[in-house]
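What follows is a short report on a single structure.
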2 protein chains.
Amino acid sequence: MTKPADALQRLRRVHEETVVGMLRSYGALSRTDLMRLTGLSRTTLFAIISEMIERGAAVETEAAVTGARGRGRPASLVALNPSAGLLLGIDLGRRRVRVAVANVAHEVVATAMADVPVDAGVAEQADAAADLVRRLCLERGIRLDALDAVGVGVVGVVDGAEKEAAGAVPRATPAVYLPVTERLEREFGVRIAIDNNARLAALAESTWGAARSVADVIYVRWSVGVGGGFIVGGRLVRGAHSAAGELGHVSLDPDGPPCHCGSRGCLEGRIGHQGLLDAAAARGVSLGSIDELVAAAQDRVPAVCEVVSAAAADLGRILADAVVQLDPARVVVGGELSALGSLVLDPVRAAIATLALPNAPRRIDVVPADLGANASAMGAVALLLHEEPAVPRHLRPAAR
Amino acid sequence: MTKPADALQRLRRVHEETVVGMLRSYGALSRTDLMRLTGLSRTTLFAIISEMIERGAAVETEAAVTGARGRGRPASLVALNPSAGLLLGIDLGRRRVRVAVANVAHEVVATAMADVPVDAGVAEQADAAADLVRRLCLERGIRLDALDAVGVGVVGVVDGAEKEAAGAVPRATPAVYLPVTERLEREFGVRIAIDNNARLAALAESTWGAARSVADVIYVRWSVGVGGGFIVGGRLVRGAHSAAGELGHVSLDPDGPPCHCGSRGCLEGRIGHQGLLDAAAARGVSLGSIDELVAAAQDRVPAVCEVVSAAAADLGRILADAVVQLDPARVVVGGELSALGSLVLDPVRAAIATLALPNAPRRIDVVPADLGANASAMGAVALLLHEEPAVPRHLRPAAR
């Protein structure tokens, strides 16, 4: 049962987000125009604006002669502070850390990457990311005093953090990631949001990429491991314990070989990096990495193509189940393996066509991801944009 | 990209829902109090109120001496019209139609049921439902001139209807259901919303039942067929073609027997009514209906208990996959079979414990449904409450 007090507090936040939204869509506006556009009372509106100006989120400007009024005494206008609202996205990967910087208009303006040892702990990864950000800002002349927040993507299940409210980002950070958030808070002195980096890649594809303008999407990232993320009704599915989207741990065979997750016969064991290299070796092709496997498949080495096709069929079977359950408009396949195009996508399409309500007249696109290696870092920025309290979707600025 | 015009139109609706929400939470309020509570401008607020009074949604009342002000000249107050906002839910089932009536406070005040021939078409079912409503209103003295809208639950995939916006109820009604909506529009002269009745049962459990106060829920209805519905972040998952939640058509075995959906080895074929009766017959127990099967299992007939346990294990395997993907806080099992309690729930719990990220420290409750046979009819009412344009969740009145 919602307490009226809470409801009003949140209502106030919605009103503030509405004002921000209007300023983003229209640029500088007079207080009178803002009252007309938002329907807010003078008292409410002026309180919101002064508070925004105080914390540097908005600035007072003067209407140019060609401005909102056009003639007469130029009215004082309110605009978003262009040097505020910088957002930083960090992806702590198994072998690399990546960062993305977005401006107040939510455009990604800079990205960078650095290698880290495979055995690096999260703390070491966080150090590497902090250094990388410092170097990037120096090169590009980006001033971080305008930084609003930092989003972080991490490998693995970000579980254990109960959600406070529907759709809210977990408040508590799992213990294993505390070194990361503490390190980055110390470095940047702003709020840190953290999530699984496959889910963040899904969010990025939904915000800027292959899933843009589609409200219901199943995203899978087929790489060293197999991860995923679901967009339902335009929102990232996080789950009750922030463990949603773990497509790699759906079991193909409950009696199959044990998986590190504790289950048996998981998809990741079959088609993850190790499973693929083993299957290739069994066919007499010895490969050292996922990149070598992708290269061999692109060179159409028959045995490797067979391995990839068979694995893609297994992936397709799991995706077909997910399609039956969630009925998406689009399935997006990301990760290194998606570079193989139809070799990967066609078996997936075939499995969905035969196993996912074949008699139901509907079209479900199966497409490769758009964003490539920076998807998760960009998704960490998107996480900050979509973080609760969210602007009601229909009030979100076009830029988003 | 959202056109500002749309955004403003929707913003206006949000504001109207806010006013309604405040009147529901606080009862009668003066216009001044409403301005203070909602933060809306006099112009915006007064326009909304006059419009509501015009269409009979709100009424002018006078503050009692003990009212909002307490003394001095009693101010004129605005209140929701108690005789308005009646909602009607109709469930068109295979063998029965059921109806539920809810008042302006969204409390279900009356339900009723009538049998229909198994071979009845949707049009005949709609006629039966209309008669049933007329009789119920006569008996209970319910005046339908206060009726706001009618929600309808139907068997099968309500597919083919593309959604206009994220979370929106499909605009177009699939051709097969047109006789229903046309018949009921003729009868009641109000807007009709239609959805799959298993999904509606999930929505009802989430609104009033076993899934209440839980934002992420997997609901399965195990009855003559096997249906389901997912609640994600507090919202019903409808899917891009309104086909989400079809747990019965997830394939246990892609090489298994063909299913009416066009796929093979579907869960429904294995554990649906026919599959169960066949399995019992194969064990020498001949049963004529699902009710007889449930009764026999409750009498602990060994062969029937074995059949049900094995089927529950199959159900558990599919639910475990869904749990890995969606990470719910709770799994709710409804339908006739859920009456068997632990005989059904324990195999499901076991499958989830062993197959759904066993190493992830999280608690997922598996519980029977609360609402029984009227769940879908009540869900058809809930559909109208949650219908888009939805009040942002945090602004919804406590009653919801």
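Numbers restart at 1 for each chain; the letters A, B, ... are given by sequence-line order, proteins then strands.
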Residue part contacting chain B, namely of A:Val250, when any heavy atom lies under 4.5 Å: both
Measure A:Leu252 against the heavy atoms of chain B and call it side chain, backbone, both or neither at under 4.5 Å. backbone
Residues in residues 39-46 of chain A that sit under 4.5 Å from chain B, counting heavy atoms only: A:Gly39, A:Leu40, A:Ser41, A:Thr44
CG on A:Leu357 to SG on B:Cys261, rounded to 0.5 Å: 5.5 Å
Identify which part of A:Pro328 has an atom lying under 4.5 Å from any heavy atom of chain B, answering side chain, backbone, both or neither. backbone
Can you see which heavy atom on A:Arg362 is nearest to which on B:Ala243, and at what distance? NH1-CB, 3.6 Å
Max heavy-atom pair count under 4.5 Å with chain B, selected residue of A:Ser251, A:Pro254, A:Ala351, A:Cys259: A:Pro254
Hey, could you give me the NE2/CZ distance between A:His241 and B:Arg363, rounded to the nearest 0.5 Å? 9.0 Å
For B:Arg238 and A:Asp327, work out which heavy atoms get closest and say how close. O-OD2, 3.9 Å
Comparing B:Ser213, B:Gly265, B:Gly229, B:Ser263 against chain A, the one with the most heavy-atom pairs below 4.5 Å turns out to be B:Ser263
Quick check on the structure: residues of residues 317-326 of chain B within a heavy-atom distance below 4.5 Å of chain A, by number. B:Arg317, B:Asp321, B:Ala322, B:Val324, B:Gln325, B:Leu326
